[in-house]
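Notes follow once the structure below has been shown.
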Amino acid sequence: MKFFAVAAALAAQAAAVSVSGAAEGFAKGVTGGGSAAAVYPSTTAELVSYLGDSSPRTIVLTKTFDFRGTEGTTSATGCAPWGTASACQLAINKDNWCNNYEASAPSASVSYDNAGVLGITVKSNKSLIGSGSAGVIKGKGIRIVSGASNVIIQNVAFTDINPKYVWGGDAITIDNADMVWIDHVTTARIARQHIVLGTNASKRVTISNNFINGVSDYSATCDGYHYWGIYLDGSSDLVTMKGNYIYHTSGRSPKVQGNTLLHAVNNYWYSNSGHAFEIGSGGYVLAEGNVFQNIPVVAESPISGQLFASPDTTTNAKCSSYLGRSCQVNGFGSSGTFNQADTAFLSNFAGKNIASASAYGTVVSSVTANAGQGKL
Ligand SMILES: *[C@@H]1O[C@H](CO)[C@@H](O)[C@H](O)[C@H]1NC(C)=O
Ligand SMILES: *[C@@H]1O[C@H](CO)[C@@H](O)[C@H](O)[C@H]1NC(C)=O
């Protein structure tokens, strides 16, 4: 018995030592740790060390790394900007946020896990891969360090980061980086953003086949739907979002602004209680071949940036001069409208790696079968 169990475990490790597939879209060509021999951290400290050192690495997770309690807890006074009902998130008074921005909100006692607040530092030339459905990081996210490039995160779940407290931590942070691929990742029960690109340039990023699970006991909309989904800020960012499942959110899914070009293709948005897109100044969004199901407000008004999301094939043919092919129409079920055809920004796609697009008809089945950790 024992022999077979060990053999099976070794086989599982052997099967998971390399990245599966390749990035499509803007981060095409990313290699992460490349051919570096796989390492298998056994403690949270070892994992932190592998991600933050200066060697190219292939880091394989074969179990859950639970950071909760590893850095102590803090009890303090925060605030309740969204109300004091038990389903509402509370806010930590980080950098005096409550006093500066929510002065009229009632104060509230908060008690949060310190490990969640700041993600694990990730340096250049790393692949972080989960083995089968075993790779889970609990209670702490990751932060691709300023200046880093060439990072792959694949088949990992990030969960349970202070879900009750805004400012209690993000799952994945990218700010001032280049060539990052986030693939087959699941994020669930997060304090703040599931994925956040900061105000500096994150250059080329591909976010594919992820499961953004917004189900939470605590939310800023107090209704079990997480508000802080995906925030794509930047200064010259190119982001491909393909094949993602964005489920049960109520805002910022995504919020796009700050000279960010977003190609959103063949994603599936399902069940939202607020809005999906926020397109602020400097947000340039091409959305094609996506499915919106039960998304009453697909894009919050006003759209201050630019959007190409066309419902008719004649207009979609305008993509040909910039993408070398027509764009695909999006599909809608019990959802609001998403229909605007700004073309001025499509020239920004020239010379870039551009993801392919399928007709939306197969998106629901392929995304629900493939998106998230444990689906490779
Ligand atoms: C990452 O790898 C590339 C290619 O091998 C190399 O040129 C670069 O110096 C590495 N970066 C760091 C920070 O090690
Ligand atoms: C962003 O850019 C500013 C201005 O160059 C710099 O001061 C800051 O440290 C940068 N932040 C990051 C995360 O790189």
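Atoms considered below: every heavy atom in the structure, side chains included; atoms not considered: hydrogens, waters and symmetry mates. One-based numbering, in listed order, for ligands and for the atoms of each.
The distance between the ring centers of Phe292 and Phe338 falls below 6.0 angstrom. Checked against a 6.0 Å centroid threshold, the rings of Phe349 and Tyr322 do not count as neighbours.
Scanning for salt bridge (charged side-chain N to carboxylate O under 4.0 Å, His left out) contacts around Asp233 gives an empty result, with sequence neighbours left out.
Atom 13 (C) of ligand 2 has Asp175 OD2, 3.4 Å as its closest protein atom, hydrogens excluded (heavy atom only). Of all protein heavy atoms, the one closest to atom 14 (O) of ligand 2 is Ser146 OG, 2.6 Å. Atom 5 (O) of ligand 1 has as its closest protein heavy atom Asn125 ND2, 4.8 Å.
Any N or O atom pair closer than 3.5 Å counts here, and Asn200 shares at least one such pair with ligand 2. Between Asn150 and ligand 1, no pair of N/O atoms sits closer than 3.5 Å.
Counting protein heavy atoms under 4.0 angstrom from atom 8 (C) of ligand 1 gives one or more. Taking a distance limit of 4.0 Å, we find that atom 11 (N) of ligand 1 is approached by some protein heavy atom. Atom 2 (O) of ligand 2 lies below 4.0 Å from at least one non-hydrogen atom of the protein.
For the 3.5 Å distance criterion, the side chains of Ser271 and Tyr225 qualify, holding a donor opposite an acceptor.
Atom-to-atom distance recorded for His184:NE2 and Lys375:NZ is 8.5 Å, nearest 0.5 angstrom.
Inter-residue side-chain proximity for Tyr227 and His275 is flagged as met; some heavy-atom pair is nearer than 4.5 Å. Using a 4.5 Å heavy-atom cutoff, the side chains of Ile92 and Tyr112 are in contact.
Of all atoms in ligand 2, numbered sequentially from 1 with element shown, those under 4.0 Å from a heavy atom of Asn176 are 14 (O). Interface of Ser124 with ligand 1, defined as ligand atoms under 4.0 Å from a residue heavy atom, comprises 13 (C).
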